[in-house]
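Residue numbers start from 1 in every chain, and the chains themselves are labelled A, B, ... in the order their sequence lines are given, proteins ahead of strands.
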2 protein chains.
Amino acid sequence: MSRKKSDKTTIHDIAYELGLNASTVSRALNNNLAVSKKTRELVKAKALEMNYQPNYIAAALRRGRSNTLGVIVPAIDRSFFGRVIRGIEEEADEAGFRVIVCQSFDSSEREREMVDTLRGLQVDGLLISVAKDTGDNLDLYQKLISSGFPIQFFDNVPSSLEVVPAVIIDDRRGGYAATKHLIDQGYKRIAHLRGPQHLHIYRNRYLGYLDAMKEAGLEVNDDSVLEIVSHFDNGEEAFEELWKRTPRPEAIFSASDYSAVSGMKAARRLGLRVPEDIAFIGFANEPFNELVSPTLSSVDQQPITMGQIAATRAIKGITSDEDDEQPNDRLVLMPEVVVRESSGAK
Amino acid sequence: MSRKKSDKTTIHDIAYELGLNASTVSRALNNNLAVSKKTRELVKAKALEMNYQPNYIAAALRRGRSNTLGVIVPAIDRSFFGRVIRGIEEEADEAGFRVIVCQSFDSSEREREMVDTLRGLQVDGLLISVAKDTGDNLDLYQKLISSGFPIQFFDNVPSSLEVVPAVIIDDRRGGYAATKHLIDQGYKRIAHLRGPQHLHIYRNRYLGYLDAMKEAGLEVNDDSVLEIVSHFDNGEEAFEELWKRTPRPEAIFSASDYSAVSGMKAARRLGLRVPEDIAFIGFANEPFNELVSPTLSSVDQQPITMGQIAATRAIKGITSDEDDEQPNDRLVLMPEVVVRESSGAK
DNA sequence: CAATTCATCGCAATCGGTTTCATTCTAGCA
DNA sequence: TGCTAGAATGAAACCGATTGCGATGAATTG
């Protein structure tokens, strides 16, 4: 009869069966050279035989390291975040880290809860794209950063902090490039569907639009710009509204692919041809851009690279001994314009 | 000077500051009535003041319960899974459970690793949509199920097991309903783009197609059906292939929205009108179905409901004392046809 | 042959909470 | 006043793995 009480095998069970001590079993399973090769193999064989399942949280408790990364994103089912997470997982896998993903649903309150939860689960580092509501968790993040806790922000980062360890793309440059592309195609009256301006990503895309227009000596007035609340809907209404204005736009740079696509839809309903009558370019390079017709030009944010770099930096912050080795600067990636049918030459 | 060694506060630190014992602090924080109200409030105030962060894994280790659910899906960025996870999180939140999400990337080997990882993390239950490669982990799942471990499968479930605790939709019924809808619109020559037949979900959609065709007395031959490997690509080629055959189809039921959309694209490139010249209906009701034009009819799989039910059942399996309370049956949800433009009347 | 080195392994403390059992103290009652 | 019930808290074992230190014994060296 075995001495086991429950169904799960522990190193003590293995040790008992083999007439060894749990510490030896632990060392053997960790390939510690202090244990003879013979014993190591014996232990491993027995572990397999007894269907041993290591208890990671016990090890984490003792070691003070869980080898786990916590990730918080607004919503898991937005393809951008999905791809960022893919990049994170790739690097984490490589470095022997696990990944726990949580959703804030764009609520900074829930985001705060998630931070607490993940820290309670003893994650070694945190990767966060902050919620897009109007709240913030500046106090919390300020405390975490200055305590030296490995944390990396990406995409949408807390704006008003002095030092923010983050991986972002140059949205202003992206907005500039998208607009410049339209200008290069010969369009002059270019409108911009911008996102909520309290979010710096949308603000920067808008500024980039202004940069390009100014550089080309093109006019921008109140009628050139329209703000959309949620980037999911309103694209149709927004387009109709823009189309009513005089002079009518020849091209539209939308801060989101969603509103660009629904804008194109509204355009087609009005009997307009894209891009002949009205050209479009979006932002984010969503996968469905290839599926709609005409296919939608957009600005790629390099999500996978973003995830990889953010993870690498976080892991570096975890594994480096020196506290000052913490990557605390703001790494900026360059976006790329992806040209498709919707922004063809005028 | 404080007695703290590190920066994180423990219940022992709080106890020391208050001249109490750690056990009292623990009880106080858990609202245990054995502790006087005065002490409870004192402890809570001190905990707040000292910025105490409970260590969940220590508690989990001792209690043998982590209040965490593990979820494994092929890929997080597929909107179907995103929505299932949303449903899972809703129910988990309600019941005070955390959720850890992992991706198998459709590799059953990686899926197995994830199961090990999550069990090592001491999750109390597992929710899995199995990888769509040709492998399986039948031995592993058989063992888990018969050991009474709370596990629930959803969407794509291990086929050849006797008893599978699962929440699925009736794919056969869905395939039938989609085909029936096309028939009701007056189409007679209806082709089917089917998915890999070793996966029962695709097999069942195909069977449902056959059911409807047979019921209506319509002919199905080798030319009516075409198999697509990856549901992401090949939609265009597949359509072109189908269009070459004689007689040409009037309508297409595709087992995936992706291939339906790219099929529509190929159709338009050939100068065909949808649905006048060729009608389409897909499966899965992806969000982009609303964005493409014409909008794509599809079959909704009720992902949120699926997630909610799967989570509820898993949690029930965890919290119920009786081992035989485990929900081990196969719960079947009914899919719903969502009619849009692509399948208009002939 | 005695002394020393090194490989191998056991003992026990430890991580941070939880929980059982014991202890202290106060209030209530005869 | 003396005794007891019950409220409040403390002491210590415990969850499962890790690890510093010490013990054992064999091998090596002078």
Side-chain angles (χ1 to χ4, degrees), chain A residues 3-44 46-47 50-68 116 119-124, chain B residues 3-44 46-47 50-68 117 119-124:
Chain A
R3 63 176 275 284
K4 292 178 3 182
K5 305 164 201 167
S6 136
D7 49 348
K8 25 201 153 204
T9 328
T10 73
I11 54 170
H12 294 92
D13 301 324
I14 300 176
Y16 178 84
E17 294 287 326
L18 256 33
L20 288 171
N21 187 281
S23 57
T24 305
V25 174
S26 170
R27 280 186 276 250
L29 292 173
N30 286 313
N31 278 319
N32 191 319
L33 294 183
V35 176
S36 71
K37 197 175 172 197
K38 207 178 71 182
T39 311
R40 258 182 294 161
E41 284 167 359
L42 209 69
V43 168
K44 284 179 190 171
K46 199 70 181 174
M50 297 179 72
N51 195 23
Y52 169 69
Q53 193 77 40
N55 188 325
Y56 295 139
I57 67 173
L61 178 59
R62 172 60 225 246
R63 270 209 260 251
R65 268 276 296 277
S66 62
N67 277 293
T68 304
D116 284 345
R119 296 222 302 147
L121 289 173
Q122 307 304 109
V123 299
D124 297 326
Chain B
R3 62 177 277 280
K4 295 185 347 185
K5 306 162 198 169
S6 136
D7 49 348
K8 27 201 150 203
T9 330
T10 72
I11 54 170
H12 295 93
D13 299 325
I14 299 175
Y16 177 84
E17 293 288 325
L18 257 33
L20 288 172
N21 187 282
S23 55
T24 305
V25 174
S26 170
R27 280 186 278 251
L29 292 173
N30 286 313
N31 279 319
N32 190 320
L33 294 183
V35 177
S36 73
K37 195 176 174 196
K38 206 178 73 181
T39 311
R40 258 182 294 161
E41 284 168 359
L42 208 69
V43 169
K44 284 180 190 172
K46 200 69 182 177
M50 296 178 72
N51 196 24
Y52 169 70
Q53 194 78 39
N55 188 327
Y56 296 139
I57 69 173
L61 178 59
R62 172 61 225 245
R63 272 209 258 251
R65 267 277 296 275
S66 62
N67 276 294
T68 305
T117 296
R119 295 220 303 147
L121 253 22
Q122 308 303 110
V123 299
D124 298 326

Distance-only donor-acceptor test, A/Arg27 side-chain atoms vs C/dG10 base atoms, 3.5 Å: yes

Touch class at under 4.0 angstrom, heavy-atom based, for B/Ala34 against every strand present: base

Value in whole Å for how far the P atom of C/dA7 lies from NZ of A/Lys37: 16 Å

Between D/dT9 (C1') and B/Lys38 (NZ): distance, integer Å: 13 Å

Minimum-distance nucleotide (side-chain atoms of B/Leu20 versus D/dT9, C/dT19, C/dC9): D/dT9

N/O (side chain, A/Tyr52) to phosphate O (OP1/OP2, D/dA17) under 4.0 Å: yes

Side chain of B/Arg62 - closest among D/dA12, C/dG17, C/dT14: C/dG17

Minimum-distance nucleotide to A/Arg63 side chain [options: C/dG17, C/dC9, D/dT19]: D/dT19

Sugar-phosphate, base or nothing in reach of B/Gln53, heavy atoms under 4.0 Å: sugar-phosphate

Side chain of A/Leu61 - closest among D/dA17, C/dC15, C/dG17: C/dC15

Nucleotide D/dC15, atom P - distance to CG of B/Asn55 in whole Å: 18 Å

Polar side-chain atom of B/Ser66 near backbone of B/Gln122 as donor-acceptor pair, under 3.5 Å: yes

Under 4.0 angstrom between A/Thr24 side-chain N/O and C/dT8 OP1 or OP2: no

Stepwise side chain to side chain contact (heavy atoms under 4.5 Å, CB included) test for A/Tyr52 and A/Leu29: CA-CA 11 Å; A/Tyr52 169 69; A/Leu29 292 173; 3.6 Å; yes

Distance, rounded to the nearest Å, where A/Ile14 contributes CD1 and D/dT18 contributes P: 11 Å

Protein-nucleotide distance (A/Arg40, atom CZ; C/dC9, atom C1'), rounded to Å: 13 Å

Nearest-nucleotide comparison on DNA chain D, the residue closer to the 5′ end among B/Val35 and A/Ile11: B/Val35

Touch class at under 4.0 angstrom, heavy-atom based, for A/Ile57 against every strand present: nothing

Polar side-chain atom of A/Asn32 near backbone of A/Ala34 as donor-acceptor pair, under 3.5 Å: yes

Sugar-phosphate only, base, or nothing, as touched by B/Gly120 at under 4.0 Å among non-hydrogen atoms: nothing

Nearest-Å distance for atom pair CG/P, residues A/Asn67 and C/dC15: 20 Å

Distance test, side-chain N/O of B/Ser36 to OP1/OP2 of D/dA8, below 4.0 Å: no

Which nucleotide in D/dA13, D/dA17, D/dT9 has an atom nearest any side-chain atom of B/Thr39: D/dT9

Per A/Thr10 side chain, nearest of listed nucleotides D/dG16, C/dC9, D/dA13: D/dG16

Phosphate OP1/OP2 of D/dT18: any A/Asn30 side-chain N/O under 4.0 Å: yes

Under 4.0 angstrom between A/Asn21 side-chain N/O and C/dC11 OP1 or OP2: yes

Closest listed nucleotide, where the reference is the side chain of B/Ala58 and the choices are D/dT18, C/dG17, D/dG16: C/dG17

Rounded interatomic separation in angstrom, taking CG from B/Asp13 and P from C/dC15: 11 Å

Closest to side chain of A/Ser26, choosing from D/dG16, D/dA17, C/dG17: D/dA17

